[in-house]
2 protein chains.
Amino acid sequence: MDKNLKRMATMHRMQVTGLELFYKNGYYNTSVDDILKELSLSKGAFYHHYDSKEDFFIEIIQNLLVRKVYSMLIEPIEGHENPVELISTCFEEALETAVHNEMDFGFLLSNFICEFNGRNPKIMKYLNDILKIWEVNLVSTLQKGKFNGYIDRHVDCEAAAIYLISSFIGIRTLMVEASPSAMKYRFMSQLRQYFKSIETRQTAV
Amino acid sequence: MDKNLKRMATMHRMQVTGLELFYKNGYYNTSVDDILKELSLSKGAFYHHYDSKEDFFIEIIQNLLVRKVYSMLIEPIEGHENPVELISTCFEEALETAVHNEMDFGFLLSNFICEFNGRNPKIMKYLNDILKIWEVNLVSTLQKGKFNGYIDRHVDCEAAAIYLISSFIGIRTLMVEASPSAMKYRFMSQLRQYFKSIETRQTAV
DNA sequence: GCTTTTACCGACCACTCGGTTTGTTGCTTT
DNA sequence: AAAGCAACAAACCGAGTGGTCGGTAAAAGC
């Protein structure tokens, strides 16, 4: 058991550093040696724990990437309050951490999707699954909001979810440029504008 | 002169094939040899015309990529008609060609931005310039629309432009998945919803 | 105390990459 | 016809790549 702990600790260290470098430099632009150098570990250690670089990356997806998306984008929108508020706040906070992160290279998930798209179907499968989970959660949050009278009954929740995901992926791609906080501010203002248009119209003005 | 024509023809062929492969496989994942093999040309030919792979890519950006963005996203929104209509139609058509392109790997520009982001500032500069041109054109189209009474005077045109670009980049990243035409349909429906919210409110209902 | 298992080392392999060097060909110019 | 040069061809270089493999030290199991 104690032995297993050490094993898991080493593997976890590798994955954390791996994700960091893959995010920073891209998967194909990061060599296994790069990761190992950072950790002062050897090739032997790496291939003792993982079958291949690809296998290693898949473990990173399942262990780290999925959790990040969950804690950042899925858990915050769970609940029975106003979904418009939940999603706005969630996006606002996700963008805020991006603004304050001086090492920001865009949205982890969409960066990898860009990189593997049409090049590695196996990995794309895993990435698309995460996207799907996010989408499903958004849809159900919106539908709940419809049921609870927050969202207009004519709204197509699946379309709205796609639209929200699109805009988020896009703004995160744009935000890596200069003045990310201005970007965020502008984006959020228009997101709220859009939300206003799908909210239940108040009878009293 | 005749000589110069041949030179330019060869260079153009290289650039067209280069862009094709860079788009398909990514810049770092496409070797110079890959491009040359496709054209049955040699390394000597390549380095006779270009200083480096990077220099080659910059020429592609300036010759081909800029023009594609212009003809696809900038020229179609020029004019004095309703900007909401212009932009809707422009996006619709851009997405439609993506739907019918069986070799679609997402939005050329944003794919490259993803790939070079934080890794190659020199190339990023060129890509951001294109993005900036697009943004400026969107802003001026929206402002013209405001002046002509199509768009509500309270709308922040720069914010709206960022929001539009974001959503476009995002949907093009998502569309590489299955069922792009459903994606497009859903996206366009919500884009129109958003547009409705920034249009001048009609006094008569 | 002895054996087995585990975690890890580091040299090495075949291969790929961007880029260089040296040749070759054919058209132009004088 | 000789010389010159642009446009390519082909062999090559050195750095880096993912992955292999024989070995080792230490802990676990008996």
Side-chain angles (χ1 to χ4, degrees), chain A residues 1-61 63 112 115-116 119-123, chain B residues 1-61 63 112 115-116 119-123:
Chain A
M1 248 330 121
D2 209 39
K3 203 77 202 189
N4 220 338
L5 265 179
K6 184 175 187 197
R7 174 187 174 82
M8 284 174 67
T10 304
M11 289 177 80
H12 189 253
R13 280 203 314 145
M14 284 177 178
Q15 289 178 24
V16 170
T17 306
L19 180 58
E20 215 170 276
L21 293 182
F22 287 145
Y23 175 50
K24 200 198 300 187
N25 308 317
Y27 174 82
Y28 291 111
N29 247 330
T30 303
S31 69
V32 174
D33 280 330
D34 288 341
I35 299 163
L36 264 13
K37 204 183 294 165
E38 194 97 341
L39 296 166
S40 301
L41 284 172
S42 68
K43 270 262 173 75
F46 183 86
Y47 284 97
H48 171 68
H49 290 297
Y50 302 102
D51 288 343
S52 66
K53 187 186 178 186
E54 189 176 297
D55 167 64
F56 173 59
F57 188 68
I58 291 173
E59 298 241 329
I60 288 181
I61 295 177
N63 288 333
F112 288 136
E115 186 167 6
F116 290 110
R119 287 149 213 167
N120 191 322
K122 188 174 171 187
I123 289 186
Chain B
M1 251 328 122
D2 209 37
K3 207 81 201 189
N4 219 336
L5 265 179
K6 186 178 184 193
R7 174 187 173 82
M8 285 176 65
T10 304
M11 289 177 79
H12 189 253
R13 280 204 311 146
M14 285 178 176
Q15 289 177 25
V16 170
T17 306
L19 180 58
E20 213 170 279
L21 293 182
F22 287 146
Y23 175 50
K24 200 197 300 188
N25 309 317
Y27 174 82
Y28 291 111
N29 248 328
T30 303
S31 69
V32 174
D33 280 329
D34 288 341
I35 300 164
L36 265 11
K37 204 182 294 166
E38 193 98 347
L39 295 165
S40 300
L41 284 172
S42 68
K43 274 254 175 82
F46 183 85
Y47 284 96
H48 172 68
H49 291 295
Y50 303 101
D51 289 343
S52 66
K53 187 187 179 187
E54 188 176 298
D55 167 65
F56 174 60
F57 187 68
I58 290 173
E59 298 241 329
I60 290 181
I61 294 177
N63 288 333
F112 288 137
E115 186 166 7
F116 291 110
R119 287 149 212 167
N120 192 322
K122 189 174 172 188
I123 289 187

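The structure displayed is predicted, hence computed values, not measured ones.
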(message) If the test is side chain to side chain donor-acceptor pair (under 3.5 Å), which one of B:N29, B:D34, B:D33 qualifies with B:S31?
(response) B:D34
(message) Nearest 0.5 angstrom please: B:K53 NZ to B:F46 CZ, how far?
(response) 8.5 Å
(message) Quick check for you: among D:dC8, D:dT20, C:dG19, whose closest atom lies nearest to any side-chain atom of B:K43?
(response) C:dG19
(request) Report yes if a side-chain nitrogen or oxygen of B:R7 is closer than 4.0 Å to either non-bridging phosphate oxygen (OP1 or OP2) of D:dA7; otherwise report no. (result) yes
(request) Could you pick out which residue, A:S40 or B:S31, lies toward the 5' side of DNA chain C when each is mapped onto its nearest nucleotide? (result) A:S40
(request) Select one nucleotide: of C:dG10, D:dA10, C:dC8, the one nearest the side-chain heavy atoms of A:H49. (result) C:dC8
(message) Between A:Y47 and D:dT20, is there a contact of a side-chain N or O with OP1 or OP2 at under 4.0 Å?
(response) no
(request) Confirm from the modelled atom types if B:K53 and C:dG19 form a donor-acceptor pair under 3.5 Å, side chain to base only. (result) no
(message) If you assign A:G44 and A:T30 each to the DNA chain D nucleotide with the nearest heavy atom, which residue ends up on the more 5' nucleotide?
(response) A:T30
(request) Consider the side chain of B:L41, meaning its heavy atoms from C-beta on, and name the nucleotide among D:dA9, D:dT20, C:dG18 that approaches it most closely. (result) D:dA9
(message) Among D:dA9, C:dC9, D:dT20, which nucleotide has an atom closest to any side-chain atom of A:S42?
(response) C:dC9
(request) Mind calculating the distance between OH (B:Y27) and P (C:dG18) to the nearest angstrom? (result) 8 Å
(message) On a heavy-atom basis, which atom in A:Y23 and which in A:F112 lie closest, and how many Å separate them?
(response) N-CZ, 4.0 Å
(message) Looking at A:T10, I'd like to know whether one of its side-chain N or O atoms comes within less than 4.0 Å of OP1 or OP2 on C:dC8.
(response) yes
(request) State whether B:H48 places a side-chain N or O below 4.0 Å from either non-bridging phosphate oxygen (OP1 or OP2) of D:dA7. (result) yes
(message) Contact between B:Q15 and B:H49 at the side-chain level, heavy atoms closer than 4.5 Å - yes or no?
(response) no
